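This one's a predicted model, so the numbers in the text were calculated from it and none came from an experiment.
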Amino acid sequence: MTNTPIQQDTVTQPTTGNLDAATDEELLHRLADAHGVGTSFHGWDGLQHNVSPTTLVQVLGALGVAAASNAQIEAALVEAELAPWRRMLPPAVVVQEGTTAAVHVHVRDGSPARLTISLEDGTELAAAQQEDWAPPRDVGGVPTGRATFEVPAGLPLGWHSLMAESDGVTATAALAVVPAKLRTAAQLEERRGWGLATQLYSVRSKRSWGIGDFADLADLASLAGARGADYVLVNPLHAADPVPPVQASPYSPSTRRFFNPLYIRVEAIPELAYVKPRKRATLDRLLDHVHALNKDAERLDRDQIFAAKLAALELLHTVKLSPARQRAFKEFCREAGPGLDDFALWCAIREDRSPDDPFWRDPTATLGSPKVESMRQALADRIGFHRWLQWICDEQLESAQAAAKGSGMRLGVVHDLAVGADLSSADAWTLRSSFAPGVSVGAPPDMYNQLGQNWNQPPWHPVRLAEAGYAPLRAMLSTVLRHAGGIRVDHILGLFRLWWVPAGNSARDGAYVRYDHEALIGILALEAHRAGAVVIGEDLGVFEPWVRDYLAARGILGTSILWFENDGDSPLPPERYRTQALASVNTHDLPPTAGYLAGDHVELRGQLGLLERSVAEERAEHEATLDKMMGLLRERGLLPADGGGADGASMLGEEQVIEALHRLLAQAPSVLLGVALVDAVGERRVQNQPGTTSEVYPNWQVPLADERGRAVLIDDLDANPRFNSLLAAVDEAVRA
């Protein structure tokens, strides 16, 4: 037999077909379950909701499974049983350290088989065959048997490989030995830590080009570290479009592996020192053009800023590198490998083609095709430019992390990892064989997004990702963690299941698809272990109760938001918060605490038509929540006993209440405490209003400002009384 994988070279388009009216729903549910597709789910309202048969057929189609009739369903059920037998080896094997794993090798019945384990260091081991007989199967007319081998306990952590041999046929598969529990947060269990959370683009200095950058990150980390902070958590810094106009949302990137050149500090590039006077004058004019934007407190202009930066970067790229710098650049490209080359190729092509250009969907325009490889040759210079940009990003991130650790931070920079990349992204094109076609990721309705959400991002295809040996996931994580002390995984529940929304459906009309969480969490832990980084999972929203316990057992910290932690209708006492968690007062999807106390989010959602109840009803519920929180603060002696009821925040002064909320939070045992920079300067405006577009609300385009709406620069923070007071209060409370 041959080791023919299920995955083909071309991406199979989903089979949506019209659902046969006579379809046996029970049979359809059996097939859905066989492929990890949920037929029902518990909503935020606590009720069980059934997924429609039509949606199930669409989601199964995206998995490459035809299910529009009873005949197709029955055939697909048979194939689901037979599929593993068509492979000589499973697509990938992930095993926890210290445990064994059984590996099935499928060969012609009666033929001898051999399995070899090749370790990262070049050592080869012969796997022992086990007694585990199973009756042979007919696979395409070939009688096929199964031999079972054991991956022994005691293998070192890392990425290894398996090779099976039988009758001259060989097959290989990735073998990952992953930590049973990630132990990078152990130091926090001995002494808790706290840090700042911010949207880097919004935090500018007098030296910025109108938007926060990597040098600003270094300065902010140094300021916070000098005040006792252990980390600074930033929004995803993933690359967006290579030319303006660019997507404002950092959670809708073009790739999750590489970084956004928008954040480069031009003046920090060493080659600037060797620019000729005439070109230097051009650079100065470009800076002058955007410098005034640093004081604009209303709205960030990414497109104007990026256009100016690209012009400056193009100019600097013409400066010849010194021999040492050239060697460093070549080494960076070597380590990044083909993934960097392919991303740079996408950038070069994308410069002249819009996201909706038919080229991106052309089956003859895929990586490795003659058409694309000829373009790779023709665009060599532009590819080189985009590779250079990533090298500069890498260098400046390394400097930011060094500044953070040099200031005394134990963790330093903590990156945020988005759920996915855009449907028209570099990832969607370069990694298309690992994504499911015809669907996007989203979320069912919840209390803050009662219409559901569609994030317009393709989900990993569970089987194809495994067939790729999880290489795309591994490469992404290792790159993001290269110069970081931690990573926050947005919607970490997506490593367990994701809400798939078929194209053309409303966000409500989707279904959950299960993933191999043992493999995905294990790989996340392995890459974090190698980087010495802490992992924080954003585990908010609708989830299965066992998930949080599982993450804690694997050494992954959870997320606790003060306003979301309740005991029935009352605030949860802080002593009952989880220990293995990052606790904070708010999140970027809520207004800063000053705005939240004033109920700004209720008014805004009402104005934007995002409520299913009246504004008055929402406000009444919000004020009741505040009243209970104020009561808890007074009960703990953190506010005066005569502070008033629901309007006590305004009567006392928002600064006093915000500090009291953080002191309350510090009474929790959580190993990490987060302080939003917006809370430390008095900002009221929300960065993102879920369920809206930039035409309706300036999502991700709000610069950092104070309570009076004046722009706040990093240069001002050292002498900012509000900033210093809150950070001092938090540091004192955490160390108490």
*Before giving the answer on side-chain contact (heavy atoms from CB on, under 4.5 Å), spell out for Glu124 and Leu119 the whole-Å C-alpha distance, their side-chain angles and the decisive distance to 0.1 Å.*
CA-CA 6 Å; Glu124 290 195 353; Leu119 303 182; over 6 Å; no
*Pairing residues for Glu373 by the salt bridge (Lys or Arg N to Asp or Glu O under 4.0 Å) criterion, not counting sequence neighbours*: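 Glu373: salt bridge (Lys or Arg N to Asp or Glu O under 4.0 Å) contacts with Arg376.
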*With sequence neighbours excluded, tell me which residues meet salt bridge (Lys or Arg N to Asp or Glu O under 4.0 Å) with Asp362.*
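So Asp362 forms a salt bridge (Lys or Arg N to Asp or Glu O under 4.0 Å) with Lys371.
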Contact between [X] and [Y] at the side-chain level, heavy atoms closer than 4.5 Å - yes or no?
{"X": "Leu155", "Y": "Leu125", "answer": "yes"}
{"X": "Ser254", "Y": "Gln247", "answer": "no"}
{"X": "Arg114", "Y": "Val105", "answer": "no"}

Specify the closest pair of heavy atoms between [X] and [Y], including all atoms of both residues, with the distance to one decimal.
{"X": "Thr170", "Y": "Met88", "answer": "C-SD, 4.0 Å"}
{"X": "Ala511", "Y": "Val59", "answer": "CB-CG2, 4.2 Å"}
{"X": "Ala533", "Y": "Leu182", "answer": "O-CD2, 4.0 Å"}
{"X": "Ala507", "Y": "Gly452", "answer": "CB-C, 3.6 Å"}
{"X": "Ala436", "Y": "Ala62", "answer": "CB-O, 3.9 Å"}
{"X": "Tyr515", "Y": "Pro462", "answer": "CE2-CG, 3.7 Å"}

_The test is side-chain contact (heavy atoms from CB on, under 4.5 Å); show your working for Ser252 and Gln457 and say whether it passes._
CA-CA 8 Å; Ser252 296; Gln457 298 172 342; 4.0 Å; yes
*Can you list the steps and then say if Trp159 with Arg530 is a side-chain contact (heavy atoms from CB on, under 4.5 Å)?*
CA-CA 11 Å; Trp159 289 93; Arg530 290 185 148 189; 3.7 Å; yes
*ring-ring contact (aromatic ring centres under 6.0 Å, His included): pairs with one or both residues in residues 31-60, sequence neighbours excluded*: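 Qualifying pairs, neighbours excluded: Phe41-His49, Phe41-Trp499.
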Salt bridge check, [Y] against [X]: does any charged N sit closer than 4.0 Å to a carboxylate O?
{"X": "Asp132", "Y": "Arg146", "answer": "yes"}
{"X": "Arg30", "Y": "Glu81", "answer": "no"}
{"X": "Arg514", "Y": "Asp33", "answer": "yes"}
{"X": "Arg86", "Y": "Glu79", "answer": "yes"}
{"X": "Lys181", "Y": "Glu97", "answer": "no"}

According to the interplanar angle, ranging from 0 to 90°, do the rings of [X] and [Y] count as parallel (below 30°), tilted (30 to 60°) or perpendicular (above 60°)?
{"X": "His104", "Y": "His106", "result": "tilted"}
{"X": "Phe496", "Y": "Trp546", "result": "perpendicular"}
{"X": "Phe258", "Y": "Phe343", "result": "parallel"}

_Test side-chain contact (heavy atoms from CB on, under 4.5 Å) on His238 and Arg257; report intermediate values, then the result._
CA-CA 7 Å; His238 311 315; Arg257 178 176 177 184; over 6 Å; no
